[in-house]
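Reviewing the structure listed below.
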Amino acid sequence: MVLAVRSAQLGRAKQIAGWLAATMTLGTVFLVIKGFEYHHKWVHHLIPGEGFHIAGTTDPAAQTFFVLYFCMTGLHALHMIVGLGLLAFLVPKALRGEFSAENHNWVEGVGLYWHFVDIIWIFLFPLLYLLGRHHA
Amino acid sequence: MSAPASPAETGGTNYLNATHGIGSWLLTRDHKRIGILYLLGISVFFVLGGLMAVLIRAELATPQGDLFSSDVYNRLFTMHGILMIFFFLIPSIPAVLGNFLLPIMIGAKDLAFPRLNLAQLVPLHDRRGDDVRVAPDGRHRHRLDLLHSDVDELRPGQVIVTAVGIFVAGFSSILTGLNFIVTIHRMRAPGLTWFRLPLFVWAHYATSIIQILGTPVIAITILLVGAERLFHIGVFDPKYGGDPVLFQHLFWFYSHPAVYIMILPAMGVMSELVTAFSRKRVFGYHFIAFSSLFIAVIGFLVWGHHMFISGQSVVAGAIFSFLTMLVAIPSAVKVFNWTATLYKGSISLQTPMLYALGFIGVFLIGGLTGVMLGTLGINIYVHDTYFIVAHFHYVMVGSAIMGYLGGLHFWWPKITGRMYNEFWSKISAIVIFIGFNTTFFPQFILGYLGMPRRYHMYPAEFQTWNVLSSAGATILGFGYLMPVVYLLWSLKFGAKAPANPWGAKGLEWETSSPPPVLNFATPPVVTEEAYAYETSTPAKEVTVGV
Amino acid sequence: MSTVHVTPVRTYLLVFFALMALTLLTVGAAHVNIAHHLPGQMTDAINDAVAMAIAVTKATLVILFFMGVWHSARINKVVVWSSFFFLFVLFAFSLADYFSRGWLGVPGK
């Protein structure tokens, strides 16, 4: 993503599209992995609610954890989908050469958005996947 | 500075008559027309909310519940609160006066994102519809409870609709804030440095910061409430393992700063009025400007003072109590600076100035009782009594509405190009002041005596004060009706307003009344600081120097 | 929009590798019970603190370089950092309530 912004700053129109597409690819891979993860949770009855069941504990906190897990990762994924939509909107614009060194606020703005969603993941990853691991 | 553009220069067209037809209004990108649309919308809601207040006071005139059942009474004051706060007070000054004046005051053609500005109007009116439809069916007591756990009899669908309404409206709020901030940063006229900005603009800048920082928190809270309702997952509701105190934290993190969204713009209006009618440079410009920002910052540090009797820890309560005291500093800075501006000014008591003086008195009482309430011990004693009701009405009704009406009277000639009747407007300003104090001062006493809020019946010994309060409400009601009449009358029969009827300073007075579509015939250039009254009228300096 | 600072690709690569290295570090750190390896009375919370410290570092890198705050105008820096400050206030003050419950022995508080 930053490389797309950089290309835009330098006015290299074709490169912008390339880097944007690369960003989209990586973003999609992330979402696909997330999809498998959700499927796995589904199969193991880890969706909070009536059918929630986890082996070896009846602690309500376990369910609360999965509530937070789904709320946080779900919102993050939602924002990524929005981001992918924005990127998909930018690629044809870039191919048509609409961005130049003087005019690339769109690329810049979407870049800021994308990295912001990034930062969220930086915090979610240790919070949801790593904390408490050392007990295991 | 550029000379006022005469109608001849602009060819007699202005933003009001440039295009015609209802479509040209509803789809306009002109910030001035959008301001007018807001004015129409919020006036309707003000009248509705006012009618409910009248019904409430009528019920409270006697100790028995002779007009309404407790259930109907609950709905009445819930709707009164929702309408007045969310549909009138919060949009009043920023959306009407702010939208109209902010670009003109900084010499811009429009806001930075005119289309966004129109776009934010739509969700606001949309959610109004939502909430108004839903709330009368509900049994909630106010919004906090609406989203809270003790409203199970409320059908989940209603909570969801209301939540969606608030969520969408949140975007409206964020977009307005964003728009104002970007406009102030990037679109100032040449020569208009930060410290030459009118204080009205500074106040709106601080308000916008609050809107941008606070609103996302209420949005995510509402999202969680929605998830809890739909999927029965435990976030706030103890039944599912959630924590209601957490809800209060998140709710008040937004909602406390939100009260400053109501009062800060009114303070901005005040700074304009006091200087204009004292013919004097504002005292301590920098202090007033920064006190607005300081209020915005401190506003985010004090939310716990709403939670003294919740499950919050005593230590946190004590810290919040201390931080709450800090709010008194910037508020007092403003009050002292306004009074110092009056000192030895050549004061003319025209209608807007009457409102301004009323504001200072009323705000002083509201602010000082705020300090009392911020004190942990006193708060626990008067919590949920009429003392609280009186306090927030002094600040929100007394101060914010006086600021709004003062500003509306001050800029009415600019907005409509017509003068209103000075005699009747003065009478109404005085009637409102008397009516307001008669209504709400007795409530301080009632609260101190221990009358709890939110009940439609009360012990007979409280009746005297309640009758007084209801009588005041009647006076206040007449006071609010008068402007409706004479302002509408002025549209048809009022004298044509000159470009600068008050002889005031500021870019908005340099353009014609009403302004042309692009605000200025020639883009203005600013060469002096704000409120440079002494420099242009040297004769005054002699009297000031005595 | 007069002068836009163009960051060299090398910087971006360096930041990228730093982020990857920190990710590996935080995964590694999560599997070690740090409190056991330190003298004195340490609680398990030290693990959480380390993970969060690494996350803050990574976020700072992203903000400074990928979001270009390092080279932006001072007013933008103020805006960015003050936003995070208020986020911190939200978390810190709310948690302060939860942590300080029961300190003064008032029932239910």
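Chain identifiers are assigned alphabetically (A, B, ...) following the order of the sequence lines, protein sequences preceding nucleic acid strands; residue numbering begins at 1 within each chain.
Contacts of B/Val297 with chain C are made by both backbone and side-chain atoms, with heavy-atom separations under 4.5 Å. Residue contact with chain C, scored on non-hydrogen atoms closer than 4.5 Å, involves the backbone and the side chain of B/Phe300 alike. No part of C/Phe85 comes within reach of chain B, as not one of its non-hydrogen atoms sits under 4.5 angstrom from that chain. Contacts between B/Ile212 and chain C at a heavy-atom distance below 4.5 Å are absent for every atom of the residue. Interface remark: B/Ile209 contributes no atoms to any contact with chain C (heavy atom separation under 4.5 Å).
Applying the side chain to side chain donor-acceptor pair (under 3.5 Å) rule to B/Thr215 yields no partners; only residues at least two apart in sequence or on another chain are considered. With sequence neighbours excluded, the residues forming a ring-ring contact (aromatic ring centres under 6.0 Å, His included) with B/Trp194 are B/His185, B/Trp202, B/Tyr205, listed by chain and number.
B/His249 and C/Asp97 form a side-chain donor-acceptor contact under 3.5 Å, judged by distance and modelled atom types alone.
Checked against the 6.0 Å centroid criterion, the rings of B/Phe251 and B/Phe247 qualify as a close aromatic pair.
Taking the six-membered ring for Trp and thresholds of 30 and 60 degrees, C/Phe84 and C/Trp81 have ring planes inclined between 30 and 60 degrees apart.
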